[in-house]
Amino acid sequence: MMAAMWGQLRRLGARLATGPNRIALSTALRGTIATVTPLAVLSTLGWGELAYPTVLGALNTSMVDVGGSYRNRLAAMALFAGVGPCLLLLGAAASGHWWLATLFMFTTAVASGLVRAIGPGSTSFGINTAVSFLVGLSVGETGGPHELWALGFGGGALWTILVALGFWQLRPYRRLEQEVAGAWEAVAELVAAAQAAIPGSTVVARRRREQRLAARHRAARDAVERAREALGEMRAGTVGPGTTLAQLTVLLNAAVRIAAAAVTLGEVATPENEQRRAAIAELERLCRGVARILLRGAGEVALAAMRQRVRDLGASGEQDRHADLLAFAQAMRHLENANEAFQRLFGQRRRLADFLRLPIVINRPSGAAAAALRAHLTPSSALFRHALRVAVVTALGTAVITRFDFSHGIWLPLTSLVILQPEYGGTVARAVQRTIGTIAGAVVAGVLLATVHGTAAFDAAIATLLFATFALIRRRYGYAITFLTPIIMLLTGAGSADPWRDVAERIAYTVVGAALALAAGYGLWPQWERERLSDRLARAIRADRDYLAAALAALGKAAPPDAALAELRRQAEIAVGNADAAFQRMLGEPAHRRARVDTGFTLLVYIHRLCRHTIALAAHLGAVAAPDPALDTLRRLMAEALEDVAQAVLDGRPPAPRPAFDEPLARLRATLSGGGEATPGGTVAALLDQLVSDVTGLCMAPVAPRAPA
């Protein structure tokens with residue numbers, strides 16, 4: 001039995017070492033080393049008073065390292081190492097004067113909110129700088145000279161930077177491989193969703209399949225964009241030819257093309273059989289295999305089985321398999337490209353120069369950060385209003401706790417600081433996660449303070465909690481707070497005479513801080529998502545229109561897909577994703593503040609379908625020619641109809657009556673289907689039918705997503 005359990009643990013460890021959690025685990029290990037080492041070493045040397053502020057400095061600096069280019073991460077941590085101790089001293093000096101503490105908290109919160117304009121990674125930097133000031137307010141409670149706390153806080157920050165540099169030196173490119181592998185995993189999920197609908201299935205079953213395919217397509221698109229962004233950041237920060245970057249770009253492009261083939265398999269109506277199911281299953285397995293090879297750093301894709309599956313499908317004797325065979329041929333071609341990329345990647349990427357060089361040199365326009373901040377210094381900026389909202393709430397909380405000298409009171413403004421988000425739905429979700437996580441974590445801290453404080457088990461508990469926090473903070477915020485809360489309580493309240501009273505106080509402050517954050521998110525200069533949804537929907541419709549028009553133009557010339565068409569596809573997918581995200585954010589807002597949910601949902605369904613059907617049509621470019629004047633007529637009518645729908649969404653009016661698509665569509669169907677429905681032309685004709693149906697659905701949808709103010 002023990003052997004079986006040990007085997008299961010080994011398999012679990014192998015999955016964690018090569019799976020999607022690899023970056024999170026590496027980050028957790030780095031953060032744990034940075035925070036636990038000073039706690040153990042300084043306590044052993046008898047410098048226990050210095051240990052806790054050092055650990056807090058290391059903890060906050062590790063939170064600042066949230067990803068992005070190496071240059072940006074290093075700059076953020078270095079800046080925090082200088083600013084954090086200064087703000088801590090400022091908070092300690094102002095703690096005896098409630099009005100001064102309130103003024104400084106307001107100013108610090110405005111700055112920490114505006115720093116979001118520089119980029120996503122700056123959000124954590126802004127929050128942790130404000131936290132440094134709040135830590136300074138609590139120094140009087142925890143004891144020890146203010147200068148000693150500032151010294152320890154800054155020393156912990158510098159130590160964390162050294163640990164991070166060591167990790168980057170050992171494995172500087174793993175983030176890129178992880179992101180590209182994540183894209184291949186998402187594409188594998190999309191392939192798995194491409195199974196054909198079962199004949200005779202119910203409407204509910206077909207609708208679930210449609211939703212599953214749309215969700216997997218959306219996830220694949222998001223994963224590809226994350227990988228593309230990571231490659232772009234690294235390319236900007238690396239000097240030299242960059243063999244690794246070039247081959248990873250090839251691998252990402254191959255994933256994009258296979259995703260298009262998967263969409264074709266899912267959207268083209270072909271009967272299901274055993275050969276098709278086997279080929280799709282093999283393609284899914286190969287996509288997951290590419291991801292594993294990337295993470296393992298060695299191997300190649302075995303394509304013999306896939307070739308045999310495709311041959312079996314072609315030899316099945318069924319005449320309506322052209323679309324399937326074309327999609328599988330496209331996937332095979334790009335899997336072969338992936339194999340070639342692996343050969344070059346693993347043959348050249350381990351050069352000593354690549355291994356030793358840290359890619360932290362970057363060429364970026366000077367003054368870009370200042371320009372971004374200036375652009376948001378206006379009341380019309382949602383980011384500026386968010387910064388003011390955070391500043392008002394945290395300043396109010398600071399005034400209360402310093403004026404009345406509440407013990408452990410910093411948890412009130414700190415809770416409001418980390419809960420408030422630019423959108424109300426995000427604030428609600430964060431408030432729930434923070435409150436539940438804090439309550440659970442406070443109970444854990446109370447148990448530890450009452451039982452193992454002052455023992456080796458106490459330090460081991462802190463190390464375990466730190467590792468769990470770093471592993472979960474980016475992906476499971478609520479769980480991470482459950483582990484982070486006891487860390488802060490243990491480090492700042494180790495000398496408490498009544499730990500359970502401290503637990504009750506912190507829970508009370510958290511609940512009040514969350515309530516203040518929710519009230520501020522609702523009442524202080526909110527920007528409801530319905531105000532932006534119409535614009536996002538109109539942009540998505542117009543991006544689909546441009547992509548469809550270009551695909552139809554290429555179809556008329558029998559031109560294969562080119563780079564311009566691929567970029568139009570990417571822009572359409574991004575616009576559709578933005579509209580979808582805006583709709584989801586709106587669902588998190590109060591019901592009376594939303595636009596009409598049924599209208600937005602209907603529009604999104606047809607927008608998604610139009611994008612996917614255009615992708616499927618583009619897969620047949622170069623194989624079918626339709627130089628019929630009816631194609632130009634249909635293209636013009638569809639473009640005009642989509643433009644009218646987009647403008648109607650913006651104006652809040654019904655669109656114009658549906659154009660007469662029937663005549664040009666009938667002529668095209670007769671031209672393309674002359675050889676039968678099982679021919680390539682017949683498949684294209686069926687896709688044109690679906691595209692016209694999508695445009696018709698948009699023209700007939702109740703286009704008025706705005707709600708009365």
Side-chain angles (χ1 to χ4, degrees), residues 183 187 190 217-218 220-222 224-225 227-228 231-232 249-268 322-323 326-334 337 539-579 607-628 630-643 646 668 672 680-681 683-692 694-695:
V187 170
L190 177 59
H217 182 219
R218 179 167 59 250
R221 177 194 64 227
D222 293 343
V224 166
E225 288 304 318
R228 200 186 302 274
L231 287 171
T249 301
V250 171
L251 286 166
L252 182 60
N253 290 337
V256 171
R257 301 298 187 273
I258 294 176
V263 170
T264 302
L265 291 170
E267 293 295 344
V268 175
H322 168 78
L326 182 64
F328 285 125
Q330 177 181 346
M332 285 291 301
R333 182 166 64 253
H334 293 290
N337 292 343
R539 290 187 182 186
I541 293 171
R542 284 170 172 157
D544 277 353
R545 175 203 62 193
D546 294 342
Y547 181 37
L548 175 61
L552 292 175
L555 181 65
K557 301 174 184 177
D562 57 10
L565 192 64
E567 181 58 26
L568 285 173
R569 173 199 166 181
R570 178 172 177 250
Q571 294 302 323
E573 289 183 317
I574 291 174
V576 171
N578 289 338
I607 288 170
H608 274 286
R609 287 179 179 175
L610 183 60
C611 182
R612 293 201 310 273
H613 290 151
T614 306
I615 292 173
L617 178 68
H620 293 78
L621 297 180
V624 177
D628 193 307
L631 183 62
D632 291 333
T633 302
L634 184 64
R635 177 167 58 89
R636 176 179 55 81
L637 290 175
M638 295 174 78
E640 292 174 353
L642 291 172
E643 172 59 29
L668 283 169
L672 292 168
T683 301
V684 170
L687 285 171
L688 290 176
D689 279 338
Q690 291 176 314
L691 288 166
V692 168
D694 297 336
V695 176

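Keep in mind it's a predicted model, so treat the numbers as computed, not measured. The first residue of the sequence shown is numbered 1, and numbering continues consecutively from there. These values consider heavy atoms only, across backbone and side chains, with no hydrogens, waters or symmetry-generated copies.
Rounded to the nearest 0.5 Å, atoms CG (Asp694) and NE2 (His608) are 12.0 Å apart. With rounding to the nearest 0.5 Å, the separation of CD in Glu640 from CZ in Arg635 is 11.0 Å. The CG atom of Leu326 sits 9.0 Å away from atom OG1 of Thr683, with the distance rounded to the nearest 0.5 Å. Taken from CG in Leu687 to CG in Leu691, the straight-line distance is 6.5 Å, to the nearest 0.5 Å. Once rounded to the nearest 0.5 Å, the distance linking CG of Leu555 with CG of Leu688 reads 6.5 Å. The distance from the CG atom of Asp632 to the CG atom of Leu637 is 11.0 Å, given to the nearest 0.5 Å.
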| query | Hey, mind stepping through Val576 and Asp544 against side-chain contact (heavy atoms from CB on, under 4.5 Å) and telling me if it holds? | reply | CA-CA 8 Å; Val576 171; Asp544 277 353; 3.8 Å; yes
| said: Working note: Arg570 + Glu573, criterion salt bridge (charged side-chain N to carboxylate O under 4.0 Å, His left out); need CA distance, chi angles, decisive distance, verdict. | reply: CA-CA 5 Å; Arg570 178 172 177 250; Glu573 289 183 317; over 6 Å; no
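In this structure, Ala183 and Ala227 approach most closely via the heavy-atom pair CB-CB, 4.5 Å. The minimum heavy-atom distance linking Gly577 with Arg221 is given by the pair CA-NH2, 3.2 Å. The two atoms that bring Asn253 and Arg228 nearest to each other are OD1-NH1, 4.4 Å, heavy atoms only. The nearest pair of heavy atoms linking Ala572 to Ala543 is CA-CB, 3.7 Å. The shortest non-hydrogen separation linking Ala259 to Leu190 is O-CD2, 3.7 Å. Among all heavy-atom pairs drawn from Thr264 and Ala619, the shortest one is OG1-CB, 3.4 Å.
Residues satisfying the side-chain contact (heavy atoms from CB on, under 4.5 Å) criterion with Val692, sequence neighbours excluded, are Leu634, Met638, Arg658, Phe661, Leu665, Thr696. Under the rule for a side-chain hydrogen bond (donor to acceptor under 3.5 Å, both in side chains), the partners of Arg612 that lie at least two apart in sequence or sit in another chain are Glu210, Glu267. Every residue two or more places apart in sequence or in another chain that forms a side-chain contact (heavy atoms from CB on, under 4.5 Å) with Leu568 is listed here: Asp546, Tyr547, Ala550.
Here the side chain of Gln330 pairs a donor or acceptor atom with the backbone of Arg257 at under 3.5 angstrom.
In this structure, Asp222 and Arg218 have side chains that are in contact, with non-hydrogen atoms separated by less than 4.5 Å. In this structure, Leu610 and Leu548 have side chains that are in contact, with non-hydrogen atoms separated by less than 4.5 Å. The side-chain heavy atoms of Leu617 and Leu552, taken from C-beta on, include a pair separated by under 4.5 Å.
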